[in-house]
Structure formats: structure tokens, C-alpha cells
Amino acid sequence: MTSEIATRNLSKWYGNVLGLSDVSLEIEAGITGLLGPNGAGKSTFMKLVTGQMKPNIGTVSVRGAAVWNNTSLFSTIGFCPEADAFYEDVTGWEFLTGLLRLYGFPDREVRERAERALDIVDLAADKDRKIKGYSRGMRQRIKFAQAIAHDPEIIILDEPLSGLDPLGKRKLIKLVKDYRAEGKTILVSSHVLPEIEAMTSRIVLVHQGKILAQGDIHYIRDLIEAHPHMISVTCADPRAVAARFVADRSILKMSFGTDGRTLVVETHNRDAFFSRLQEAVLEAGVEVDEIRSPDDNLQAVFDYLVGK
Amino acid sequence: MSIEVEGLCFSYGSITALDGVSLRLGEGAIGLLGPNGAGKSTFLRILLGFLTPEKGRGRVLGYEIGREQALIRRSVGYMPEDDCFIAGMDAVTFTSYFGELSGMPRQEAMKRAHEVLFYVGLGEARYRLLDQYSAGMKQRLKMAQALVHDPQLLFLDEPTSNLDPQGRKEVLDLIEDIVSKKDMTVLVSSHILADIETLCSSVVILSKGRVAAEGRMEDLRAIHYSLYEVKVKGDGTGFKRELEAMGCRVDETEDRVIKVYMPPEGGRMDIFRAASRAGDQIRFFTKSQTSLEDLFAQVAGEE
Amino acid sequence: MTVIREKGYYHWDGSLVERRFPWWPITRTGILLAFRKKRFKLFFAAAYLPSLVFLAALYISERLEDFKFMLRGSERVIQITPGSFKMYMTNDGLLFLLVLVLVFAGSGLVADDLKHNSLQLYFARPLRKRDYLLGKMAVVFFFMLILTLVPGLLLFVFKLIFSGSFKFFTAYPWLPLSIIGYTALLTVFFAFYTLLLSALSKNSRYVMILIFMVYLFSDILYGILHGIFRSPYMALFSIKSNLAQAGSFLFGQKLPFGFPAFWSFAVLAALCAVSALVLRRKIRGVEVIK
Amino acid sequence: MKPVDSNAPRPSPWLSVRRVFGFFFFLGRRTGRARVFFLLGLIPVALAVMVRILLAGRAAEAMSVFNDILMVFYLQFYVVILALFYGTSVLAEDIEGRTMAYLVTRPVSKPSVVVGKYAAYSALMAIMTEVSLTLSFFIMNSGRLGEASLYRVFFGYAGVLALAILAYTGLFTFLGSLLKRALLVGLVFGFGWENVIQYFPGSTQKFSVVHYLKSLLPRRPVTGRGTLSVLLFRLEPTATLPAILVLVLVGAVCVGLACWLFRTKEYLPEE
């Protein structure tokens, strides 16, 4: 797959504050989640990709072309900033059409695109109200609208879901997935891990300006062989189930939950364990309430890599 | 009983924000939920006395809203939703400043400010200017100023928004630790349902200015039919065919979670038998309680 | 007995105290923030220039003989009278520098709180609106008094020291009172004036322009109206002229404008009243957006 | 590597300047501040009405009052204050308000943002000042409406005002792109340096914008009342053409420098 966004040992700092150091990355079409603690460099990276900042070392290019001051590139990029900052005295409609006109679209097309964008984020009813009077959720949605109104190929979203209620979040996640289906490239940064997991399994972990890991979450999970996989089984008689595994060499550690109903197993070979677990449960006739692997989500991978 | 309100009504001009809310909230951590514009922030602001309700009255910690507002504010810590700080100040001065304004003597406020800043994880950055604080650090700073005068009641409006995973964990641990000491009530309004589920023992769901649901977490979440969620290795077509053959209704979400609606007579072991018959390996299995999200959608009615 | 301090939240064992001046922390912090602004100290120091000039004049007037060689031309002997104090207190240069200090220190007093919406933090505390406003005003009181009252009284004392006798004091015992009266008037007015403009907008840059523009414009308006109508009452439009008129009255000097000083006091008081009204309405716990 | 599709709208520089102009001209009118400044501009009109009543018939004197008092009011106070606020906000507004991201990520070059905003705010100021000037001029000279020469004089005044706007706004835009505390420095320059320099004889006056403006005034403002008159007596005017040239040059060079600075420097509130 050709890479849409590519950086080669990209470094950026302002004053003595480190933003990014030596980041080489390739981002293909589809949704890529950008993840990292506060001040890890996510916003810095996004500002470099959208040409708001000049790299100190290295290059950042979109579709092969360097980004800094390359305005012809910006008509194919949509950016949704993190800051809750607007031209407060204008209405949603004026804000959207004003920015759309900067692309040089003829007036008729500006109106069409604005209407379509407003429908997508369902703000059509509030288009004539001043942004000053918008609620936090509506402000977030109008900000998203201005990022996609000109139908860009590459969409950069910095914390797009902050301030939205669960229903708003679901709509936006669905929307981002629709854009993936249209073959666009979407880079999303978010702090709330479940949101990123709901959108994509392809993530880039950034920490203290460096790339910790990049790729499919599960692939990364399996990659980290050093760290054994945890599986928790909740049932009426966990000790009966455990008894069947004592002799199994691939089991590293077993522990029992304080509630006396859960068995937590750490093993290198998840595959073997799961198949044997199924037989054990059926033979022992033990009612199983729940089987879960607590560390197969982003939070665990993150904690592990960040060295918790 | 920390908060009692009767028939609260309030509207911003033509938009009614609260339409007859009556609640009696006890100790521990209480979750306040509701879609945008359901009236959560308005409710908090009325309790704090920023807004006077058109109808209805209420008592916070036994003090009457409106008349004994100063007494309420002495023992309440408020963490607002939107960004607020004072430019040109560092974190220690900022926190001790608001401690003093709450009535703490200056030296005590300074001592307590350092302590509280460590609680919220701003220990190292406490001498830096607030202008250089990131959104997440400002979020923790708001928490610090709400805790500095050691209130009996904490109002937290979106405490974990724009916090990174580590930050969120620290703030959640801090709130859990506070609540566990049983001598401080916390009212948490948040959109991140996972947080409410970990923190709160009871929940109030507001929708369109009215109380849509209220009660302890367990009671609200118990559901009647048995719904199981299963993930198998591979695509699981064989497994699904076996289940349908046994009369279960099956559908699959986009991230490959198979939802199995088991008829009353069937047992959960049938699912395991179906899997082994189909030769598929179950890797995730749970009896689904209505997750707060479904409850939220169901109650708020927009699903 | 080993005690391990557990990690986690600890209560504060002290108890909240009902303070006599709840507004004092606001003032102290306001002053602290002003001094932290870059280049503020420069403007602040510059505002002392007029008092240094007056001090030099004081010195020269006492030691006329030593400075004979400098004054060969002018017969006019420098004689320090309450009039010269009044002239110092109400001259354009000092007022211009005071306004610059106001622009620098006062523009953000309320505007920054509105911009970063920290009002809700203030009013989530047992703080009345009066305390908040008094605290912010006291910041302006501090800067105005330290730039007018303190130098004024010091100059009076230096006059006694340089002349080596209390003759001046016995001749004009009421002079310190006029100095205090005038500086109090000036300070209260400028406090209301600055806070009113600072509460009008979130953008402190716009407030800076307002503080400067309204003061200067009022004087230009006087100049123009006077040019047209030639009537002394036009001076009521100018803040500077009103202060000068009120100052002359307080220093018992000839009134610079041909109308009773009462009118100037009335105009200044009216402006303060307007400011109080606007501030009461504008400062609320939270911006209620319709 | 998908080529950058050529049909993607890439407005020509001139079109993007016009579009930026349109957006900020609209935005400028919308803020409350524009109304306040516009009202301020109506005060001279009220004064003109008063003068008209008082000086009924004595046209010559009306013209001198206009030239010495009103024009001085415009050039040395009203335009400077407007230019100071609007000039410095060409860049500071979007940086402080953190709305810069919306502009910089559009296919409009940074210089066209500066030029577009500069032009928008200058146009806004022009409306405020020229409307006020026209009203007050024709009210004061309503007696002589028939004379052709009156209109020539009027266009002289209108021209000087326009040049003042261009020069001052350009200068303060440049200041805004250079310094963080541009407004304060601008205040000291506009009301400190420009007034004080009148006292100095010889060529030092050449270092102030107001000198060239006053050299362009049809009648040398000699007499005059009010605090500003005392400052005028040392005027050694430069010839008309060089004065115009200098003013235009000041505006153009300053805006050019602002564009260059904005293009090379990153304008971000300290992260």
C-alpha cells in the first residue's frame, strides 16, 4: 500500500521543550490511532503534518510532497484542532461557508458543501445560531464539520470525541468508519482508549516524543512475548478447573480471585490453553460465568510499554 | 442525606434545562449521567447557587440553597467542566490562592496546596507557569483547587475528560480512594461511562431536564433475558450455525463480538458444546449485563 | 511504634476561618501578577519621574545661593507653595504616566478572569461579589496610592527637612490633608474607571486600548468643544480637567475653570456610580448563555 | 504514490487574498467592537453640526476649524487608535484566540492571510473614518455646496485620511508580527514619540508618520485651540508627492515585512 503520510527521522522542539525526536513513520489509507500520554508529542506530530510547524530535523511529507508552506497540498487535508477555539460572533453557517470559500470553490458549491457537512454532523437546525451559544458537544461537531466539508483525502483529528456524550461519540465513530470505507486516510488522536479501540486496531504509540510501537493492537500484543498473556475464568468452582492445568508446563502462574470464583492464569501459549480450557469445562461440567483476557486491550499494552 | 431537592425547575430563556427534578442523594460516589443539554451542569450550578431555580427548593449538607449559600460553598469543592486557570501564575500559587479564598489561613493553604498537587499527580510540574500547562494538566489542576480546602462534598464535572490513560487512572484511583474513606460524598457528572461504572455505587440519569432513571448501579443493570457475548478464534461460522440450530438468536457486532440470545430453557453450557462441535475455540465469554451504555441509550431514548 | 504513611488522600486537620478581609488575597495576588509582567517595572519606575523632578525643584528652591550661577537669567525665584504641590499633583505628565500604569496593570484585572472563565472558581467559594470587586479595586488603589500619596507626603516632609524648620507646616497645616484628600479622590476614581473598562470585554488588548482611548479622548473632546463653544463648562467632558478642578479646590488654589468645583466632583462621582452598576450586572458566577 | 490530484481547488494568490478579505471584512463588522468604534466616529459629526449652527455664514472660519480641529482629531487620535487595535490584531487575534489553525491549514498562503486581513481591517476602518469625515465636512460647509473647489478640497482630505489608514495599519501590523507586547509599544509610539517629535526642529520630524500627513493637509494648521495645537507650530512640511510616496512606502514595506516574518516564523502560543 502506498503511504499517504511519511516522516523520516522527524524531530521538533520549541525552546527547550522536546516535542518529537527522531520519528520515522508511514501511515497508509484507513484509520490510524495516535496514542500517548499528555505531552507525548501527539499534537506536535499533527501540527507538523498539517504544516503549522516547521520540523527542526528530518522531513514530513504527504503523498511525497513536503508539507511546510506547501499550500497546494492543504486542499486535500482536513484538520480538526483540539483547542476549543472559534470565531465566536459568527453563526455555524457563516463559519463553515467562510472557511470553505478559502478553497476557491464557487458560491453554489460552497453552499452545497456546507449544507452536506452540517447534515452529516446534524447541526442543520442550529446553523443560524451564533457559535457563542453552542454547547460543548455542538462546538465539537461544527469543528469536525469544517474538517470534512471540503471532502479531503486525508483527515487529521486531534481529540475529536472530547466533550461529546455517548450518543454523539457513537455517531462520530460511525462517521469516521464510513470515511475509511471511502478509502480516505484518517489519523485520530484520543486519550480515551476505548474510543480508539472502537475505531481502529491500527495504532501508533507515542511516548516522550518517541514511537514506542506501531501496528495492529493484537499483533503488537502477541509481539510482546516477554510479557505473558493473562486469562481470567470466572465460574462456580475455579479450583476444579485449575486442577486440570497444574501439570501443564505452558502455564506460568495461576492465582485465585479474592471472591473465590475467579481463576487467573498466565501463559505463553494462549492457543493451547483455550482449547484445553474448553474440554476441561465440558468434562468438569462447571458452569462458567465469564472468560476474559484482561490485558488484551490498549490500556494494558500501553501500561506495559510505558513501563508501568 | 447529603443532597435533597424538590421539584427544581430552571430554564435559559425559552430552553427548559430542568423540569421538576426531585432527588435524595446519599453518601459515596453518585454518577450523574445524561446526553448533552440534559441539565447536568445546570443542576450542579443550582446546587452551588450560581443559578436560582424558578421553582422548587433544596438542601445541600443540610443548608438551604439560596439562603445559606455561603455555608454550602465552604464545604463544597467544585471542579467545573470547562478550562479555567489564571495566566501568569504557577500551580502552587494558584492552588493556595483558592484555598485562602475558601477561608484557609495563608500558611496552611500553602502547605495544603503542595500536598494536594501531589495527590493529583502534578507534583513535579507544580512550579511551572499555568500558561504552559497542557489540557490534561489543567484538568488535574482544577481537581486540586476543588480539594485544597478539604470539602465534605465534591462536585466533579467531567473529571477525566482530556486526560491520558495514565492520568485517567491516577484521577480515578484518587477519587476511589476519597470515596473509600466514606466521609466525603462525590457527585460525578461524566460522559465516559467506563469511569462512572468503576467509580459510582449509584447513578442518576437525566434526560431533557427530568430524572430518567435513578438508583443503585446493580438494580439498574440487572436484565431479564439471558444474553451472552462470545468471541471465537477464526470467523466462527460453524459456531453460529450450531447455535442457530439450537434455537438461539445470534448477531455479530463490527468488532467480531457474537451476541447470543439464549432461550429460557437453554443453558450456557450449550454454547460450549456448540463451540466444541463446530471445532471453534472460545476466547471470550461473558453473561451480558446491560452495559451502562445500552442503559443510557435505552433511557435517554435516542438510540 | 512504626507508622507508615499510606499513599492516598488525607484530610486537612485545620479549620476554615471567617476572615475579616476576605478580599485581601485577591489584592495581594493581583499586585503580584502585575509585577510579573515583562517590562512593567520599567513603566512603574517611569511613573516616579515627576516626583523626582519636583524633589529636585524643592532642593534648588532651598539652596538658591548655590544655584545662582544656573539661574542667571530668570528673575523668577522658585518659591514652593501649596500651589506648586497642586501643580505637581495635577500636571499632565504624571496623569499620563499613571494611565500607562493603569493600562499595564489594570487591563487584565477582570478581562483575564472573563477570558479564562475563572469567575466560577472565585464564586464557588464563600466570596461575595462585593469582596471580589473590592479585591480587584484594591490592586488599583495600591498602584495609585504608591505613585501619588506616598511621594506627595514624602515631598512634604522633604520640604520641611530641606527648609530645616516647621515654618512651612505651621503656615499650611492643612496641606497634608489636601494631599491625602486629592490622592484618595484620584485613586477611587481610577479604580472604578479601570474596573469598568476591564469588565467590558474578554480581550485584554481591547481593554488596554479602551483605558487609554477614553482618557485621551475625553481631553480632546474638551479641546474641540471649547474651541467651538468657548464655555468653561465644556471642561466637564475631560477627565483630566475635572481632576484638576477638584484638585485645585482641595488644595485651596484658584480654580482653573470658571465653574464651581462641585460640578467636577459630581461628574467624577457619577462615573463611579455607572461603573458600580455595570460591574454588579457583569460579574456573575457563570456566563449564562441564552 | 497517488499524485496530488490537479483538480483539487488551488486558488490563485489574488483569489485567496480576496477570499480572506471577504471573510475578515464580514467577521470584523460582526464584532461588538466595530460598533463602538463606529459610534466614536459619529461624535465629530455631532460636533460639526454644532459648529455649523454657531458659525452660520462665516465659511472661511468653518474651513479652518475643520482643518485644525477635526482633521487633527482624525489623524492624531481616531485613526491611530483604530490602526493600533486593528493593526496589531491582524496576527495577535488569531494567535491569542488559537484560531490560527483554521487559516493556516487552508490552501491560502500565509502572506495572503496577512494581506487579506490587513486589507479587510483597513477597509473597515476606511468606512468608519470616511463616513464620519464626509458627513462632518459637508455639514460644516453646507453653505458652499455649489463651489467646485469645495469638492477638490474634500477629496484632498479623504485622500490624506486613506493614506493615514494605510500607513498606520501597515506599521502596527508589522509591529504585531514582530513583538509580543506590540500594543503597548504601539501606544508609546503613536501617542508618545509622534507627539513629542513635533518639538524637535530639522529633519527629526521626518521620522514620524504624522509629519507627512500634516504636510499633505491643504491648509497648514497654524492656529488652533485645545491641547494639540501647541504641538503643531514647528511644522516644516515636505512636498506633497514625496510625502504621499513615503506614506505608501511605509504601509507597503511594513506589510511586506509582516508577510515575510509570518511566513518564516511559526506562530504558536507556547505549547
Side-chain angles (χ1 to χ4, degrees), chain A residues 15 17 35-40 42-43 82-84 133 135-138 140-141 159 161-170 174 177 190-195 197-198 201 231 233-234 270-271 274-275 277-279 281-282 285-293 296 298-299 302-303 306 308, chain B residues 12 33-38 40-41 81-83 125 132-137 139-140 158 160-169 190-195 228-233 254-255 267-269 271-273 275-276 279-287 292-293 296-297 300 302-303:
Chain A
V17 174
L35 218 47
N38 281 345
K42 299 194 300 300
S43 288
E82 181 209 359
D84 182 61
S135 72
R136 241 178 94 80
M138 291 156 79
Q140 196 62 31
R141 300 203 317 257
E159 298 294 332
L161 298 176
S162 76
L164 292 181
D165 63 24
L167 306 171
K169 280 191 179 122
R170 278 193 191 179
K174 195 180 154 316
K177 287 185 175 173
S190 170
H191 285 142
V192 186
L193 292 178
E195 286 165 9
E197 277 181 302
S201 61
I231 299 147
V233 181
T234 319
R270 262 188 345 171
D271 224 20
F274 272 122
S275 46
L277 177 66
Q278 209 153 306
E279 292 150 23
V281 164
L282 287 175
V286 170
E287 280 274 333
V288 167
D289 292 342
E290 191 177 58
I291 301 174
R292 251 172 6 91
S293 33
D296 186 17
L298 226 39
Q299 174 82 39
F302 197 85
D303 291 347
V306 167
K308 252 291 156 301
Chain B
Y12 298 104
L33 285 171
N36 278 355
K40 301 195 300 295
S41 293
E81 176 191 6
D82 28 35
D83 237 1
Q132 293 145 15
Y133 267 39
S134 72
M137 294 157 87
Q139 189 73 12
R140 298 188 207 199
E158 299 290 342
T160 52
S161 68
N162 50 46
L163 278 184
D164 59 47
Q166 201 231 341
R168 245 179 91 225
K169 214 149 79 59
S190 175
H191 281 144
I192 305 172
L193 298 174
D195 292 354
Y228 299 99
E229 285 170 13
V230 186
K231 268 193 195 163
V232 281
K233 189 176 175 207
E254 62 267 24
D255 40 14
R268 65 189 77 186
M269 296 315 288
I271 297 179
F272 284 86
R273 284 189 203 83
S276 64
D280 281 328
Q281 193 187 70
I282 293 181
R283 294 200 149 196
F284 172 78
F285 172 87
T286 181
K287 179 176 187 332
L292 208 50
E293 215 159 293
F296 182 88
E302 265 126 351
E303 187 42 52

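Scope of the values below: all heavy atoms of this structure, side chains included, with no hydrogens, waters or symmetry mates.
From E290(A), atom CD reaches atom CD of E229(B) across 10.0 Å, with rounding to the nearest 0.5 Å. Atom OG1 of T286(B) is separated from atom CD1 of I291(A) by 10.0 Å, given to the nearest 0.5 angstrom.
Neither the backbone nor the side chain of V233(A) comes within contact range of chain B; no heavy atoms are under 4.5 Å apart. There is no contact between D84(A) and chain B, counting heavy-atom distances below 4.5 Å. For E279(A), no part lies under 4.5 angstrom from a heavy atom of chain B.
Between R283(B) and I231(A) the shortest side-chain heavy-atom distance does not fall below 4.5 Å. No side-chain heavy atom of F285(B) sits under 4.5 Å from any side-chain heavy atom of T234(A). Side-chain contact check for F274(A) versus K233(B): every heavy-atom pair is 4.5 Å or farther apart. In this structure, the side chains of V288(A) and F272(B) come closer than 4.5 Å at one or more pairs of heavy atoms. The side-chain heavy atoms of R273(B) and L282(A), taken from C-beta on, include a pair separated by under 4.5 Å.
Proximity of a side-chain donor or acceptor of Q278(A) to a complementary backbone N or O of D280(B) within less than 3.5 Å is detected. Checking side-chain atoms of Q281(B) against main-chain N and O of D271(A) turns up a donor-acceptor pair under 3.5 Å.
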